[in-house]
Each structure stands twice: as structure tokens, then as C-alpha cells.
There are 2 protein chains.
Amino acid sequence: MQSSKRATTPQRIERSPGIKKIAEKLGISIGTVDRALHDRPGIHPDTKKRVMAAAAELGYRPNLAARFLKSGKGLTIAVCLPRAIAHFFDDVRMGVHRAAEAHGAMVELIDYSFSRFEEGEAAAVEEALKKRVNGIILVPGRPSHARPLIGKASRCNIPVVCIGSDADGTGRLVHVATDSFSSGALVGEFLGCLNRPLRRLAVFIGSRGTSDHSEKLRGIQDSVPRHIRLKTTWEVIEAHDNAREAQHLSEKLLDTSRGLHAVYVATANSLPVLQAMDRRSLLGRIPVITTDIYPELLPYLRSGKVLATVYQHPVSQGRIAFDALHRFLVTGVRPAERILLPPLLVMRSNLDILLERSRGWSRRSQGAQRSPESVCLKG
Amino acid sequence: MQSSKRATTPQRIERSPGIKKIAEKLGISIGTVDRALHDRPGIHPDTKKRVMAAAAELGYRPNLAARFLKSGKGLTIAVCLPRAIAHFFDDVRMGVHRAAEAHGAMVELIDYSFSRFEEGEAAAVEEALKKRVNGIILVPGRPSHARPLIGKASRCNIPVVCIGSDADGTGRLVHVATDSFSSGALVGEFLGCLNRPLRRLAVFIGSRGTSDHSEKLRGIQDSVPRHIRLKTTWEVIEAHDNAREAQHLSEKLLDTSRGLHAVYVATANSLPVLQAMDRRSLLGRIPVITTDIYPELLPYLRSGKVLATVYQHPVSQGRIAFDALHRFLVTGVRPAERILLPPLLVMRSNLDILLERSRGWSRRSQGAQRSPESVCLKG
DNA sequence: TTGAAAGCGATACCAC
DNA sequence: GTGGTATCGCTTTCAA
């Protein structure tokens, strides 16, 4: 009477094997299987080995829904980004958050923003490790500072995805970035199409020591000669991502050397250069290619004073980094060692349609609030 | 002895309210709450109203993990794509599958491929409706054929995402595409940068009746005059996405009219045009811009015989369509009415890095391996 | 070192 | 119409 046996309707849905099936197969309890699968203490090595073998044989994949349902906690991922170039890293952050939102409560992000002019990244990663996050997305502003911490994380089996700069050899999971060499080469190819003399070119970078910058330089220097017969003289200006320095150096360049045929600013630090050129009425006469998109650059693009800018897909970089990390955490599939995105040449014609989709810096808080309608920056 | 009361460790994890909380609040059972929330028969209207009110007040969101765990079935989404331009739609399909994979077993895709030269799309959608899928991703090859079915789906509360062509006014959820006007305008702007005469331009399209094609035409015709002083004569060739026709028409064009200054092929049907030009040694002398990327086009791009091609992000279109649909199904948030991607100018320098990431047609089966249930309508 | 069992939230039955 | 409850796969805790 008390136990009413009811005909258990045999569900025809074929489910993938779970820990129950493994336990059943081995004639042990699910608790033991769990201990084996999760490296928990208190299990006989032999038992563990048998469990792992059975799991592999059955093609066991943990049911994330059940795991989440029970534990009430999803994957926790630390997002360690510099505050530095706000418009860029805010877009990266937005990309990460948008991608994470697709998983609802099953993924939780923790933001750690830091100043790249301190040892912020190390502190951020350290903090994340203390919180025992499941994975880390990191933009190493100063790769050298971050290296030891990335190594530490990897040793703790906490995968680290690097965006922008790399830290190879540290055990990081993957490096996501736009291809710097292609960026430079693309600019060179574009300039080569212009049918103009290119005997004297100026390239503004931050520093030759930054591989992103030196690769862009290498790209354009490799590309231009393929399209231009005459030999080219290169003015390489290292402005160290500093606005005042960029202003000073560009004014000096413009005043001392005449006959510049094109300018390529390979970092986001282009505004001082443009202003200096504008004051000398050089814009519109000398072709200028910049990098990234930010509010102050828009009027230059719209008016044609800047021919094109190289867009580095900050939003996509964030999304791709998240997806690679998430996939690894969930399925164990390692992404490619390095994921490089193609640079995109943005001109007047495709500027607005681009802004409409990936406009992180024109809204206030992204990710949390979904703005009902699109805001247009006034240019 | 038999019932060992154990101190239920109070979990500190704050969970969002579930049906249990609603039931508790109203002093009814969870079964009743379930009936109310899912429009199931056999519930008093008043009770239902009270439940809905309580759910809204508590901010109830169904726990997808629990739902999936119990039902064993995830969301089912039909992917209805033409077999037509294989390299393009295979990439779209890949984008959809990649995005779906992120959700593991919680999302199941069913592929319906059809021939765009029959009423394949209607049959595909009809089939999907019969299977009671949760949502449909559709590329309407012949929008007019698809319209009634999209309307039917929408009336059944089955959201439909249109990729490429639109079917507005049918109740479809969202339209995902690259911006056709921008594509044309971008080509015009690029040609304008070349510092060459552009008095006589040829534009190859499929048909003026296809809005994608007419918009591209409008784009370039709007753009070129902004960069070129002299008036331009336009040769608009409608090749109806037919290789033989394109060959015939381009030979006729090239033989009768001399002094062409540039060629823009606004569809993927560019090979016959290129071959015709190549036979007359015109490539490399007349700037050519094409559309899309496919294996046979690569040598033309690599050799510089084609200056650039307009990439329409097939993979991204697939991903974005899936994400929008998934988000809607899960959270109820409607995407924007229309999602337009910026066209991307691909040249020699960024070609390889692009191929490396989105290379659907260079590999064999994509996604097929994942979905065992892959239905192919014959066309 | 292992077994047993209580739930997590939603579904789908059954019994009233 | 409504209440009750077994169940999904996993984690976690207690008992042995």
C-alpha cells in the first residue's frame, strides 16, 4: 500500500551515458565514479583507473544541465582587461559579455579592470586565482608582468586566453588577435593601389619593442615595394602610445621633412598626428590610414581626410576568446594555438553600418543593459 | 532509525525563484503552476491569472537546465538553406552549426537543404513545421515562394530568421544580411581612390528585380560620382546568376564596347566574366572587383588580376542568425528588426588570414558529422 | 576507500 | 481542476 509501484514509462529518448551507466557497468556506486572523474581525494588509484577507462569507452560527457542544476553555479570566468584604451577594450569586454549572455546563468563573468601603467594585470590574475575561477580571459598590457601569473594559472589547470598581446610558452590556452602583419600589408597594398608616388612614407607606431607594432611595420614595408617600382624612404616614428609625444614628433616630422607621400598610424594614437596635419592643411592632400575607430576619428573618416582605418574587431576578439575558452572548459577541446582575425579596411562607405553593429563606446553600460534603440554619435 | 534526519545544509546560493516559490506564495501545488505557465488544459482561468501575476511579480524565469534535464530534449532548430551556391551557403551552415555547438545537446539542429530552382524552401519549411521545431533559420532563395510559409510559421509562434533575402511583413523575427548598398558604395569608393579615369564602368548583377543586386548597383552609382568629377557611363549587365549567360554577355560587352575603365561583379557569378577578360588580356589593366570568395577565385586575387573582392561574411551571418534566434527562444528578447553586417574588402594581403578562419568549403563535411539527423530534400 | 541518498527545478504522470 | 510525486544526471554529505 505504502509503495505504489507504478509502471515506469520507459522513456524512448536515448540519452548519452552518465555516471550511473559507468557505475552500473563497473558494479560500483555513482559516488565513486564522481570521485574518480573529478580528482577528488579518497579513491583507490586502481578504481580510478577503471572508471576513467570505462568513461572513455562509453564516451562519457558530463551533463552540464544537471551539473548546473545541482550546484547552482555556472562556470566562472575572469575577464582581466586594461582600462587603457577605453573605446577598444570596452568593445572587447562587450564581446565577451555578449557571448557569455548566450549561456544565461550557466556562465558568470567577473570583471577585473586594471591600469596598464601599473602591474595591474598581475594583481588581476592573482585575484582571479584566489577566487578559484574556472578560466581567465586576459589582455596582457605588459606581457612580461603577466607571464609568471599565467604560468601559475596554467599549473593550477586554470586556462588563460590571451587577447591582443601574447604570452607564449607560459602554457596559455590560446592567443586571439588580429594579424598585425596583415594589417600593415593591407595598408601597403591599399596605398599601392592609389596610383600615387610613394617615395616617402611615414609610419607611426608605439614602439619597435611591441611585436604588434613591429609586425605592422614589417607588413607595410613588405607590401609597398610589391606595388611600387620606385624605392621608398621610411620615416618610422615611435610615439610610445603617448598623445603629447605623438603630437611633438609629428609636428617635428611635418616641419622638417617635406614631400611626405602617405601616412600610416599603426596604433590608436592617431588624433595628435591628424591634428598636426590638419593645422598644416595636409589632410586630403596626403593619404592617411589610421588604426581602430573611436569617436574623435569619425569626422576625419566621414570627411575623407582619413582615407581608411584598419579595424581590429575588438568585439569579435572578445567573443572569440570567450567561445574558445568556454568550449575548452565544457568539452575539453583545445582551440588552435593562435586565432588570428583578418584586419578590415573601414572607409566612409562601410563605416556607419559597422558602427551600428559594434558600438560599445557609444553607449553607456553594455552587457547588462540592452539599450532599446541605437544611439548615433554626432560627428 | 529508518528516517535519518540530516541537517539540511542551507545552501547560500541565491537562486532565482522557480515554480516552487510561486506555488508556495499562492498556496497551491507546482503542478497547477506548471499548467498555468504552459497554457495546458484543465486549469481554472482565475487560478491561471493569479499564477501569471505571481510569476511576473517574482520575475520568474524558467530554469533551462532543469527543463533540459527532465525532458532530455533541447531546442530544435531547422536550418533551411539552398544547396545553390555551395561555397557560400555551406559557410552559412557552418556558422549556424558552430554557434549551436556551443550549447551542446541543449540545441539540436535539423538540416533541410533544398534547390532554389524549385519550390524547395516552401517544402523545407513545411517539413520543419511538421516536425514541430522551435525555430527556423531560412535563406529564402525565392522569397515569394517562402512568404506564405513564413507567415504560417509565425502564426504558429515558431520564429523564423531570414538570412540574405528578406520577407518582411510576414512576421519573421529578424533579417540578417550584409548591407547591399554599402557593398556597392564601398566598391565605388575604392575605385574612386584609384586615381584612374572612371568614365565607363560595367556592373554585373543577377537581376534588377533582386533587391540585393539593385541595392549594390544603387550603392556604387551613388558612390562613384562623389569621388570622380567626370561623368560616368554605366553598363549594367543582368546575367541571372547563370554562368553561360554571364560568359555570353561579358564577351559581347568586351567585344563591342572598348574603353571600359573598371568592372564590378556584384554576385558570385564572376568566373565567366574573369575568364572572358583574361582571354582578352584585360585583367591587370582594367581594375576588377568581385563578390564573395570561392576556390576558383583565389588565383585571380593572389595574382592581382582581381584587385579586391567584397566578402559578405557567410559564416558570421549564420552565427548571428542562430544567436538571435536562440536568444529569442530562451529569453524572449526580440532582436532588432534587421541586422546588417558591413561588407569587407578582401585583397591579397588579408586573404589568407581570412581563409584560415572561415574556411568552410575547403574542408569536407562540416557539421554533418554532428547532426545525425540530417534531412535532405531533393531538388 | 566506498556506498547510499538527498536534493536542484521542471515535467508528466497519477489519483482524487 | 487540483495536489502529489517520481524522474532526469549530477553534486554533496553522511554512514559504513
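When reading the values below, keep in mind they use all heavy atoms of this one structure, side chains included, and skip hydrogens, waters and symmetry mates. Order of the sequence lines fixes the chain letters, A, B, ..., with proteins taken first and strands second; residue numbering starts at 1 for each chain. Everything numeric here is computed off the predicted structure, so don't read it as measured data.
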**Message:** Using the side-chain heavy atoms of B:R15, tell me which of these nucleotides is nearest: D:dG9, D:dT7, C:dC8.
**Reply:**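 The nucleotide sitting nearest to the side chain is C:dC8.
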**Message:** For A:K20, give me all partners under side chain to side chain contact (heavy atoms under 4.5 Å, CB included), at least two apart in sequence or on another chain.
**Reply:**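 For A:K20, the residues satisfying side chain to side chain contact (heavy atoms under 4.5 Å, CB included) (neighbours in sequence not counted) are A:I30.
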For [X] and [N], give me the distance from atom [atom1] to atom [atom2], rounded to whole Å.
| X | N | atom1 | atom2 | result |
| --- | --- | --- | --- | --- |
| B:E24 | D:dG4 | CD | P | 13 Å |
| B:I19 | D:dG4 | CD1 | P | 14 Å |
| B:N63 | C:dG7 | CG | C1' | 14 Å |
| B:M106 | D:dC8 | CE | P | 18 Å |
| A:I22 | C:dT2 | CD1 | C1' | 17 Å |
| A:K70 | C:dA6 | NZ | P | 12 Å |
| B:D34 | D:dG1 | CG | P | 17 Å |
| A:I30 | D:dT13 | CD1 | P | 15 Å |

[X] vs [N]: side-chain N/O to OP1/OP2 distance below 4.0 Å:
| X | N | value |
| --- | --- | --- |
| B:T32 | D:dT2 | no |
| A:S71 | D:dT12 | no |
| B:K20 | C:dC8 | yes |

**Asked** side-chain hydrogen bond (donor to acceptor under 3.5 Å, both in side chains) with B:K21: which residues, sequence neighbours excluded?
**Response** none
**Prompt:** What do the steps show when you test A:V51 against A:I28 for side-chain contact (heavy atoms from CB on, under 4.5 Å), and what is the final call?
**Reply:** CA-CA 9 Å; A:V51 170; A:I28 59 177; 3.8 Å; yes
**Prompt:** Residues from residues 35-45 of chain B sitting under 4.0 Å of DNA chain C, heavy atoms only?
**Reply:**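 B:R35, B:H38, B:R40 - these, ordered by number, are the residues of the stretch whose heavy atoms sit under 4.0 Å from the strand.
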**Request:** Quantify the bending of the helix from C:dT1-D:dA16 to C:dC16-D:dG1 as the angle between its end axes, each fitted on five pairs, to 10°.
**Result:**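 Rounded to the nearest 10 degrees, the bend comes out at 50°.
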**Asked** So which one's nearest nucleotide on DNA chain D is more toward 5', B:L69 or B:I28?
**Response**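 This one resolves to B:I28.
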**Message:** Does anything in residues 26-45 of chain B form a salt bridge (Lys or Arg N to Asp or Glu O under 4.0 Å)? List the pairs, not counting sequence neighbours.
**Reply:**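 Applying salt bridge (Lys or Arg N to Asp or Glu O under 4.0 Å) to every pair that reaches into residues 26-45 of chain B, excluding sequence neighbours, yields B:D34-B:R40, B:D39-B:K48.
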**Asked** Closest nucleotide of DNA chain C for B:L64 versus for A:T47: which of these residues is on the 5' side?
**Response** A:T47
**Prompt:** Any chance the side chains of B:T76 and B:R132 put a donor and an acceptor closer than 3.5 Å?
**Reply:**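 Checked: B:T76/B:R132 side chains show no N/O donor-acceptor pair below 3.5 Å.
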**Asked** Distance from B:K73 atom NZ to B:E108 atom CD, nearest 0.5 Å?
**Response** 4.5 Å
**Pairwise side-chain contact, B:I19 with B:Y60, heavy-atom cut-off 4.5 Å (strictly under)** =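 Side chain of B:I19 against side chain of B:Y60, heavy atoms only: contact under 4.5 Å found.
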**Item:** Validation row: A:V107, A:F322 side chains within 4.5 angstrom (heavy atoms)
**Value:**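 Side-chain contact under 4.5 Å: yes.
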**Prompt:** ring pair (Phe, Tyr, Trp, His ring centres under 6.0 Å) with A:F89: which residues, sequence neighbours excluded?
**Reply:** none
